[in-house]
Chemist: 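A single structure is presented below for examination.
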Amino acid sequence: MAEPKENVLMEKITSLCKRRGFIFQSSEIYGGIQGFWDYGPLGAELKRNVKELWWSTMTRMRDDVVGLEATIIMHPAIWRASGHVDTFSDPMCDCLLTKKRFRADQVEPQSGRAFHYVGACEATSLTEFLAKLDGENLPAELKLNFAELFQAFSYQERGTSRWISHDRQFSPSERASFAFETLANREACTENIKRVLAQLNAQKALGKACLDNYAVLLPKGKPTESALASARQFYLSRGITDPVVFFLGVEPLESTTRFNPENGSLLTPPVPFNLMFKTYVGPTATEADVAYLRPETAQAIFAQFKNVHETSRQKVPFGVAQMGKAFRNEVTPRNYTFRSREFEQMELEFFIKPDEAVEAVTGAVATPAGKGHPGEPQSNWGWQLWHQYWVEERIRFYEGIGLPRTTLEEYWQKPEELAHYARACVDILFKFPFGTQELEGIAARSDFDLSQHERCSGKSMGIFDEELRTAFGKLPPEKQTELKDRYYQARLKYLTKSGIPVAEAGAAAQEDADGLAKGQYIPHVIEPSAGVDRLILALLANAFSEVTETDAKGKSETRVVLKFHPRVAPIKVAVLPLLKNKPELAAKARAIFESLRVHMMAFHDESGSIGRRYARQDEVGTPFCVTVDFETFEGVKDGPQAGQKDTVTLRHRDDGRQERLPISELLPWLMARVK
RNA sequence: GCGGGUGUAGCUCAAUGGUAGAGCGCUAGUCUUCCAAACUAGUUACGAGGGUUCGAUUCCCUUCACCCGCUCCA
């Protein structure tokens with residue numbers, strides 16, 4: 001997918017990030033470590049800005065969201081309840097022929113005949129061996145083994161489908177029955193062949209042999225030659241240059257998942273892939289001490305839901321936001337920092353009433369009127385509107401930090417792609433140079449998470465809603481029944497999917513439905529979950545631009561400008577004396593810098609020509625440069641501000657435009673643009 | 001993890017079985033009245049480990065990282 005041109009762009013970005021101190025490889029002096037990255041001085045500022053903007057947008061500026069900062073290591077039961085221990089340890093297997101990797105649980109079941117092979121040796125060595133078999137120089141032990149061997153199996157002659165034993169060729173019908181027989185006696189037979197092949201290996205003069213088992217599954221109607229061809233290829237890849245393949249027999253198989261559906265080749269046994277980082281809590285490192293570094297920040301919010309709800313004086317609908325490190329053993333960390341093993345998330349869990357409760361209180365659940373932002377939250381919103389609301393809120397956030405809508409894509413997951421508990425999920429994608437990839441996912445997760453923790457911890461995760469209780473009591477009986485029934489069905493579906501026996505689940509669901517009528521329910525949740533590091537990478541990619549300029553001497557030079565939004569730019573303003581060797585300019589610049597740095601990340605630089613210093617600031621994305629020159633002291637020479645003293649030039653990064661501002665207006669002018 | 005490619009100053013590139021150069025950058029200084037000016041001085045590298053060799057950056061092996069595919073997701 002990635003065009004060469006786009007790779008070049010990524011290389012330029014990574015190179016700039018290293019050169020200017022945005023991002024370094026972790027542990028670089030020891031050769032680096034895959035999937036881990038450090039943020040340098042400018043990267044740290046950039047990241048801090050992004051996180052602070054998210055935090056203030058999501059919590060401080062809202063009445064209905066509060067924050068949480070939980071530990072990275074939590075009780076391991078949390079990860080069993082959330083499903084991460086299971087879903088994050090997918091068994092994987094590889095095709096023995098093409099090395100292609102499969103998720104063992106996603107291999108399509110197939111039927112057909114499995115051709116089993118137990119090894120191969122060099123054709124020359126076998127010929128030689130057969131000649132010797134007739135008598136003379138062969139060691140007695142070896143000879144005996146071969147006699148046993150040929151009683152028990154046939155080998156498939158290389159390149160043909162002829163079946164040979166030491167004394168005669170088999171007819172097709174004999175072949176079939178023979179194969180059946182050997183298969184019935186497979187273990188003893190395999191052992192025999194292995195022993196002889198091992199001895200072939202030991203007899204250097206007789207060349208190499210390979211003792212690896214192999215098999216090919218052929219669908220009905222496919223010629224048997226193709227199984228042999230696959231087997232030959234397999235043993236070729238194991239270093240036998242001209243293999244004679246030892247065939248064990250045919251086995252009919254139904255709905256097997258042990259073979260590659262694309263070529264019929266045997267797969268390796270499933271190997272569990274644990275994507276969770278395991279560690280041990282306490283001084284002993286036994287199985288009982290196992291804990292995990294969190295693979296997401298969300299679960300802590302669910303686990304602490306009751307505490308937060310009880311102490312924050314919030315009522316549903318409300319949200320809990322958290323940002324912090326998370327850890328996943330990615331199969332392949334790739335694309336710079338995009339898929340890191342240690343990364344940072346910004347997650348909000350926004351708790352809402354189940355639609356049945358909304359309907360009971362407001363009479364009807366409002367339905368989305370169309371695309372776009374649905375406006376200020378209303379009490380009659382169900383999950384659909386809340387979900388749409390958060391999708392739009394998040395896109396607004398991205399626009400506010402300089403990622404225009406045109407660089408983003410909304411992807412509504414198809415029903416079949418959704419996790420079983422999710423009702424909808426929208427990915428906000430960014431058009432990275434290496435492809436359009438996910439920045440944030442906004443999932444409507446029903447009441448799955450809190451229900452899981454209620455079930456697994458035995459602690460109630462439900463809340464009591466006085467307004468609901470009152471409203472429910474006033475409903476006509478048939479409406480009550482209808483709502484209770486719908487709630488019952490939803491709860492029943494969850495409970496049975498969790499593996500609870502039907503009778504038990506039915507009773508529990510009925511209890512939940514009765515609870516709803518009394519004002520009790522488990523909140524549903526909308527989860528906007530974003531990756532900080534991905535966002536940083538998106539901001540870098542979006543800001544990166546090159547300007548080629550030809551100077552007076554005709555020398556053309558390409559320089560980089562990072563066009564960060566002032567709100568995220570690591571350095572907001574650089575204060576520069578026009579000349580270094582004029583003490584009054586230098587002192588004034590220093591004083592302005594000191595007055596600005598209290599309020600924002602400012603930078604002071606007096607080395608090199610003014611043009612060079614501007615270029616340096618462009619390259620790290622500083623949106624504004626302030627220059628102290630002679631007119632600062634002598635007054636503006638001409639124009640509408642002529643004669644005015646104590647002014648500076650203010651240069652804009654993106655177009656080089658300059659304007660003159662009184663020093664006294666500098667701070668409010670800048671604050672208005674960087675906050 | 002598998003297959004293919006890459007690995008020499010901060011960056012972009014050279015050269016070589018006899019321990020490495022350039023340009024740009026960076027630091028300091030001189031000079032300089034607005035977009036990488038000039039001059040002077042300084043700065044820094046053969047990814048790591050092992051082997052072959054009198055001697056390895058160069059040849060061989062191993063390993064690590066990065067890039068491209070398979071796979072995965074915030």
Side-chain angles (χ1 to χ4, degrees), chain A residues 1-4 6-8 10-12 14-16 18-21 24-36 88 90 92-96 98-103 106 237 268 271 273 275 295-298 326-336 338-340 343-347 427-429 434 437-443 527-535 547 549 551-553 555 557-561 576-582 585 607-619 625 627-632 634 637 649 651 653 655-658:
Chain A
M1 193 185 281
E3 302 284 320
E6 290 160 340
N7 294 336
V8 170
M10 271 316 287
E11 271 167 34
K12 282 179 176 170
T14 57
S15 162
L16 175 75
K18 185 180 180 188
R19 190 156 44 86
R20 288 278 126 148
F24 305 126
Q25 204 181 1
S26 169
S27 320
E28 196 190 56
I29 59 166
Y30 288 101
I33 176 165
Q34 206 180 24
F36 298 89
F88 269 55
D90 302 325
M92 308 288 260
C93 47
D94 300 329
C95 173
L96 283 167
T98 61
K99 307 288 182 197
K100 187 173 171 177
R101 172 154 292 169
F102 293 88
R103 270 184 51 184
Q106 287 179 359
S237 73
T268 58
V271 179
F273 254 59
L275 303 182
E296 62 169 38
T297 57
F327 304 81
R328 293 183 190 179
N329 258 319
E330 292 297 337
V331 179
T332 312
R334 203 56 77 77
N335 288 328
Y336 203 28
F338 183 78
R339 186 162 288 131
S340 300
F343 61 104
E344 199 152 0
Q345 290 184 311
M346 305 185 292
E347 293 195 294
D427 293 337
I428 297 177
L429 312 169
F434 48 80
Q437 297 273 5
E438 189 181 346
L439 218 49
E440 170 158 355
I442 298 125
E527 179 192 87
S529 167
V532 184
D533 310 86
R534 292 183 169 188
L535 178 51
V547 182
E549 277 160 357
D551 65 14
K553 293 171 206 156
K555 202 176 90 180
E557 207 167 45
T558 300
R559 54 194 192 84
V560 174
V561 181
L576 319 165
L578 183 61
L579 295 175
K580 186 183 182 181
N581 62 351
K582 296 285 182 286
L585 295 187
S607 82
S609 73
I610 190 71
R612 172 181 296 263
R613 281 176 280 160
Y614 285 151
R616 279 201 283 245
Q617 292 307 315
D618 287 348
E619 204 176 36
C625 286
T627 305
V628 176
D629 59 15
F630 293 94
E631 290 181 44
T632 305
E634 293 160 7
K637 275 186 184 148
T649 57
R651 171 189 177 270
R653 172 196 64 204
D655 50 14
R657 186 163 50 90
Q658 291 195 354

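So you know, we letter chains A, B, ... as the sequences are listed, proteins then strands, and number each from 1.
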Chemist: Tell me if the side-chain of A/Arg651 makes a donor-acceptor pair with the base of B/rC35, cut-off 3.5 Å, by modelled atom types.
Modeler: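 Answer is yes: a donor-acceptor pair is held.
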Chemist: Side chain of A/Glu347, backbone of A/Ala298: donor and acceptor closer than 3.5 Å?
Modeler: yes
Chemist: Given B/rC11, is OP1 or OP2 found less than 4.0 Å from the side-chain N or O atoms of A/Lys12?
Modeler: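 So the side chain of A/Lys12 is outside the cut-off, no N or O lying under 4.0 Å from OP1 or OP2 of B/rC11.
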Chemist: Taking A/Lys637's backbone N and O only, do any of them form a donor-acceptor pair with A/Glu631's side chain (distance below 3.5 Å, no angle check)?
Modeler: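 Checked: pair present.
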Chemist: Please give the distance between the P atoms of B/rU63 and B/rU44 as a whole number of Å.
Modeler: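 Roughly 34 Å separates the two P atoms.
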Chemist: If we take the P atom in both B/rU12 and B/rC68, what is their distance in whole Å?
Modeler: 16 Å
Chemist: When you measure from the side chain of A/Gln25, which nucleotide among B/rA65, B/rU27, B/rC34 comes out closest?
Modeler: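 Comparing B/rA65, B/rU27, B/rC34 against the side chain of A/Gln25, the answer is B/rA65.
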Chemist: Tell me: CZ of A/Arg334 to P of B/rC2, nearest whole Å?
Modeler: 13 Å
Chemist: On RNA chain B, nearest-nucleotide positions of A/Glu634 versus A/Arg534: which is more 5'?
Modeler: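 Nearer the 5' end of the strand: A/Glu634.
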Chemist: With a 3.5 angstrom cut-off on both distances, give the Watson-Crick or G-U wobble partner of B/rU6, or none if there isn't one.
Modeler: B/rA65
Chemist: Taking the C1' atom in each of B/rG7 and B/rG47, what is the distance between them to the nearest angstrom?
Modeler: 7 Å
Chemist: May I ask you to verify if any side-chain N or O of A/Arg612 is less than 4.0 angstrom from the OP1 or OP2 atom of B/rA37?
Modeler: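 So the side chain of A/Arg612 is within the cut-off, an N or O lying under 4.0 Å from OP1 or OP2 of B/rA37.
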Chemist: Let me know the distance between CD of A/Gln617 and C1' of B/rC34, rounded to the nearest Å.
Modeler: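 Checked: the CD to C1' distance equals 15 Å.
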Chemist: Taking atom P of B/rU33 as reference, at what distance in whole Å does atom NZ of A/Lys637 sit?
Modeler: 11 Å
Chemist: Can you tell me how far C1' of B/rA48 sits from CD of A/Glu28, to the nearest Å?
Modeler: 13 Å
Chemist: Closer than 4.0 Å, any side-chain N/O of A/Asn581 to the OP1 or OP2 of B/rU32?
Modeler: yes
Chemist: With a 3.5 Å limit on both atom pairs, tell me what B/rC46 is paired to, counting Watson-Crick and G-U wobble, or say none.
Modeler: none
Chemist: Mark yes or no for whether A/Arg328, through its side chain, and A/Pro295, through its backbone, hold a donor-acceptor pair below 3.5 Å.
Modeler: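 Yes, the answer is positive, given that a donor and an acceptor are paired below the 3.5 Å cut-off.
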Chemist: Taking atom C1' in both B/rC24 and B/rA9, compute the distance separating them and give it to the nearest angstrom.
Modeler: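 Those two atoms are separated by 12 Å.
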Chemist: Taking the P atom of each, how far is B/rA56 from B/rG49, in whole Å?
Modeler: 13 Å
Chemist: Nearest to the side chain of A/Phe630 - B/rU33, B/rA74, B/rC66?
Modeler: B/rU33
Chemist: Look at A/Asp618 together with A/Arg651 and state whether they make a salt bridge at an N to O cut-off of under 4.0 Å.
Modeler: yes
Chemist: Is it the case that B/rC34 (base atoms only) and A/Gln658 (side chain only) share a donor and an acceptor within less than 3.5 Å, ignoring hydrogens and angles?
Modeler: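 Side chain to base: pair present.
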Chemist: Using the P atom in both, what is the distance from B/rU58 to B/rA20, to the nearest Å?
Modeler: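 These two P atoms come out 14 Å apart once rounded.
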Chemist: Would you indicate which nucleotide in B/rA74, B/rC11, B/rC34 comes nearest to any side-chain atom of A/Glu438?
Modeler: B/rA74
Chemist: Please state whether the base of B/rC34 and the side chain of A/Thr649 form at least one donor-acceptor pair under 3.5 Å?
Modeler: yes
Chemist: So which nucleotide does B/rC13 pair with, by the Watson-Crick or G-U wobble rule with both distances under 3.5 Å?
Modeler: B/rG21
Chemist: Reckon A/Arg20 has a side-chain N or O less than 4.0 Å from the OP1 or OP2 of B/rG25?
Modeler: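 No.
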Chemist: Could you measure between the two C1' atoms, the one in B/rC11 and the one in B/rG3, and give it in whole Å?
Modeler: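 Result for the C1' pair: 31 Å, nearest Å.
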Chemist: Would you confirm whether A/Arg534, through its side chain, and A/Glu440, through its main-chain N or O, come within 3.5 Å as a donor-acceptor pair?
Modeler: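 Checking the backbone N and O of A/Glu440 against the side chain of A/Arg534, no donor-acceptor pair under 3.5 Å is found.
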Chemist: Can you check whether A/Arg559 has a side-chain N or O nearer than 4.0 Å to OP1 or OP2 of B/rC11?
Modeler: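 Result: no.
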Chemist: Does A/Phe338 have its ring centroid less than 6.0 Å away from the ring centroid of A/Phe434?
Modeler: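 Yes - the distance between ring centres of A/Phe338 and A/Phe434 falls below the 6.0 Å cut-off.
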Chemist: Quick check for you: to the nearest 0.5 Å, what is the distance between A/Glu11 atom CD and A/Tyr336 atom OH?
Modeler: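 The distance works out to 12.0 Å.
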Chemist: Identify the nucleotide, in any strand shown, that forms a Watson-Crick or G-U wobble pair with B/rU27, with both distances under 3.5 Å; if there is none, say none.
Modeler: B/rA41
Chemist: Could you tell me the separation between the CG atom of A/Leu579 and the P atom of B/rC35, rounded to a whole number of Å?
Modeler: 12 Å
Chemist: Calculate the interatomic distance between A/Glu347 atom CD and B/rC73 atom C1'; express it in whole Å.
Modeler: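 Rounded to the whole Å, the gap is 13 Å.
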Chemist: Check the distance between B/rG29's C1' and A/Lys580's NZ and give it to me in whole angstrom.
Modeler: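 Computing the A/Lys580:NZ to B/rG29:C1' distance gives 8 Å.
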Chemist: Please answer whether B/rA36 and A/Tyr614 are stacked, defined here as ring centres separated by less than 5.5 Å and planes angled under 30°.
Modeler: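 Base of B/rA36: not stacked against A/Tyr614.
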Chemist: Does a nitrogen or oxygen in the side chain of A/Thr627 sit under 4.0 Å from OP1 or OP2 of B/rC34?
Modeler: no
Chemist: With rounding to the closest Å, how many angstrom separate the C1' atoms on B/rA37 and B/rU30?
Modeler: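 Nearest-Å result for B/rA37 against B/rU30 at atom C1': 14 Å.
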Chemist: Using a cut-off of strictly less than 4.0 Å, decide whether A/Lys582 has a side-chain nitrogen or oxygen near OP1 or OP2 of B/rU33.
Modeler: no
Chemist: Would the base of B/rC11 count as contacting A/Arg19 through its side chain, where contact means a donor and an acceptor less than 3.5 Å apart?
Modeler: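 Side chain to base: no pair present.
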Chemist: Please confirm whether the shortest side-chain N or O distance from A/Gln34 to OP1 or OP2 of B/rC66 is below 4.0 Å.
Modeler: yes
Chemist: Using modelled atom types only, decide if a donor and an acceptor are shared between the side chain of A/Asp655 and the backbone of A/Arg657 within a distance under 3.5 Å.
Modeler: yes
Chemist: Which one, B/rC66, B/rA36, B/rA74, comes nearest to the side chain of A/Arg339?
Modeler: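 Out of B/rC66, B/rA36, B/rA74, the nucleotide with an atom closest to A/Arg339's side chain is B/rA74.
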Chemist: Quick check on B/rC35: is either OP1 or OP2 less than 4.0 Å from any side-chain nitrogen or oxygen of A/Arg657?
Modeler: no
